Structure formats: structure tokens, C-alpha cells
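None of the values given here were measured: they were computed from a predicted structure.
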Amino acid sequence: QEHYGGLNGLTISWIGDGNNVLHSIMTSAAKLGMHLRIATPKGFEPNLRITKITEQSFEEYGTKLLLTTDPLEAADSANVLVTDTWISMGQEEEKKERLKAFQGYQITMQTTKSAASNWTFLHCLPRKPEEVDDEVFYSPQSLVFQEAENRKWTL
């Protein structure tokens with residue numbers, strides 16, 4: 001909101017694990033007037049109960065929701081590209097399996113080519129290079145440090 005001046009009509013693209021951060025975005029995006037495009041590997045989709053609630057919310061608010069396994073499809077026309085850790089606390093034993101499943105999900109400048117011309121990047125940190133490459137993470141379009149600073153004031 002700080003960057004774009006408002007959220008209504010923006011498209012947010014989540015590329016990664018169907019985790020708690022995604023669930024928060026899913027349950028709030030439509031209420032904020034945002035479209036949501038989600039790409040997760042098979043077997044790593046968001047919680048089905050949250051997905052059903054989200055589908056109802058998007059229908060109610062007239063916004064668009066896409067669930068896919070294709071990161072480039074999810075990035076298409078997105079204003080905001082978002083990812084998070086692929087290996088959360090307690091999943092360390094699954095690291096090898098998860099890294100294999102998430103091959104092709106790293107956000108790179110190639111990913112951004114299908115995004116909107118005014119794209120930005122968010123990540124709630126800490127970031128691993130397999131999730132997003134340095135070129136995107138440290139680009140002028142990356143808002144990760146402003147995002148972290150803004151979280152500081154929510155306590």
C-alpha cells in the first residue's frame with residue numbers, strides 16, 4: 001500500500017510453499033480488492049479448508065483467484081511477487097525432498113519478465129538463495145527491507 005498508494009486492483013503472485021504466510025495472504029487479499037495468483041508444487045498446496053474459504057471470499061468480493069503449479073503462469077501480470085521459505089522450522093528432515101520438489105520455483109529476472117512493468121518483490125525473511133536469486137532480491141524493485149522495517153512497528 002505504501003509503495004503503490006493503494007491495494008485495490010493489484011495482483012499479487014505467490015510462488016512457493018502453501019504455508020502459513022500464504023494462508024494469511026489468501027484470507028485477506030480479496031477483502032483488500034487484490035487479485036491472487038498462487039503457484040505451488042503438487043503436494044505443497046495451501047490447506048484445503050483455507051482454499052475453500054478463500055474461493056468464497058474471492059467470489060464475494062469479485063476478485064480473481066488462480067491456483068496453479070506453473071510459476072510463470074502465476075507471475076503473469078503480477079504487480080507483487082512474493083515467496084517465503086520452502087523449509088520451515090520442523091521440516092529440516094524434508095530438506096532434500098523439498099528442494100527437489102521446488103526446482104523451477106526460484107524467483108528470477110526470467111520470472112519477472114511476465115509480471116507487470118511495475119512489479120515489486122516481497123519476502124518475509126530470512127531468505128535462502130534457492131527461493132529468490134540475488135538479482136531480484138537486491139534489485140530496486142525489492143521491497144524486502146521496507147517490509148521488514150514496517151513489521152517492526154506492528155509489535
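- Shortest non-hydrogen contact noted between P71 and G104 is CG-O, 3.4 Å.
- A donor-acceptor pair is defined here as one N or O able to donate and one able to accept, closer than 3.5 Å; no such pair exists between the side chain of S57 and the backbone of I53.
- To the nearest 0.5 Å, the span separating CG on D84 from NZ on K128 amounts to 10.0 Å.
- Linking Ile, Leu, Val, Met, Phe, Trp and Tyr residues whenever their side-chain heavy atoms come within less than 4.5 Å leaves M26 and L66 in two separate clusters.
- With hydrogens and angles disregarded, a donor-acceptor distance shorter than 3.5 Å links the side chain of H23 to the backbone of N47.
- Looking at I107 and D133, their side chains never come closer than 4.5 Å, going by heavy atoms from C-beta outward.
- Atom-to-atom distance recorded for S77:OG and K64:NZ is 9.5 Å, nearest 0.5 angstrom.
- Checked against side chain to side chain contact (heavy atoms under 4.5 Å, CB included), P41 has the following partners two or more places apart in sequence or in another chain: F44, F102, Y105.
- For CD of E59, the number of neighbouring non-hydrogen atoms (other residues, nucleotides, ligands) closer than 6.0 Å is 12 at most.
- Using a 4.5 Å heavy-atom cutoff, the side chains of Q106 and E131 are not in contact.
- Hydrophobic clustering (ILVMFWY, side-chain heavy atoms < 4.5 Å, transitive): L22 and M34 are in one cluster.
- Put simply, the side chain of D76 does not reach to within 4.5 Å of the side chain of E73, judged on heavy atoms.
- Panel note: side chain S142, backbone F137; a donor-acceptor pair is recorded below 3.5 Å.
- Under the 4.0 Å criterion applied to side-chain N and carboxylate O atoms, D17 and R98 are assigned as salt-bridge partners.
- No salt bridge links R37 with D70; every basic N to acidic carboxylate O contact stays at or beyond 4.0 Å.
- Atom CD of E149 has more than 12 heavy atoms from other residues, nucleotides or ligands within 6.0 Å.
- Considering only heavy atoms from C-beta on, Q91 comes within 4.5 Å of E94 through its side chain.
- Side-chain contact check for W86 versus E130: some heavy-atom pair is nearer than 4.5 Å.
- L65 and I15 fall into different hydrophobic clusters, defined by Ile, Leu, Val, Met, Phe, Trp and Tyr side-chain heavy atoms under 4.5 Å apart, directly or through other members.
- Atom CZ of residue R151 and atom CD of residue E147 lie 5.0 Å apart, to the nearest 0.5 angstrom.
- Of all the heavy atoms in A29 and F58, the pair that sits closest is CB-CZ, 3.9 Å.
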task: Apply side chain to side chain contact (heavy atoms under 4.5 Å, CB included) to the pair L36 and T11, showing each step before the final yes or no.
output: CA-CA 6 Å; L36 180 57; T11 299; over 6 Å; no

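- At most 12 non-hydrogen atoms from other residues, nucleotides or ligands lie less than 6.0 angstrom from CD of E93.
- Annotation for S139 and M109: closest pair CB-CE, 4.0 Å, computed over non-hydrogen atoms.
- The CD1 atom of I38 lies 10.5 Å from the CD atom of E45; values are rounded to the nearest 0.5 Å.
- Clustering ILVMFWY residues whenever any of their side-chain heavy atoms sit less than 4.5 angstrom apart, transitively, puts L99 in the very cluster that holds V132.
- In this structure, CH2 on W14 lies 10.0 Å from CG on L122, to the nearest 0.5 angstrom.
- In this structure, the side chain of Y4 engages the main chain of N79 through a donor-acceptor pair within 3.5 Å.
- Closest approach of A74 to A39, counting heavy atoms only: CB-CB, 3.5 Å.
- T83 places none of its side-chain heavy atoms less than 4.5 Å from the side chain of R127.
- Counting heavy atoms from C-beta outward, V82 and H123 have side chains that stay 4.5 Å or more apart.
- Note that CD of E97 is 10.0 Å distant from CD1 of I87, once rounded to the nearest 0.5 Å.
- The only member of T120, V136, T112 that meets side-chain contact (heavy atoms from CB on, under 4.5 Å) when paired with L81 is T112.
- Between V80 and Q141, the closest side-chain pair of non-hydrogen atoms is not below 4.5 Å.
- Annotation for N8 and G33: closest pair OD1-CA, 3.3 Å, computed over non-hydrogen atoms.
- Using a 4.5 Å cut-off between side-chain heavy atoms of Ile, Leu, Val, Met, Phe, Trp and Tyr, with links allowed through other members, V144 and L10 fall into different hydrophobic clusters.
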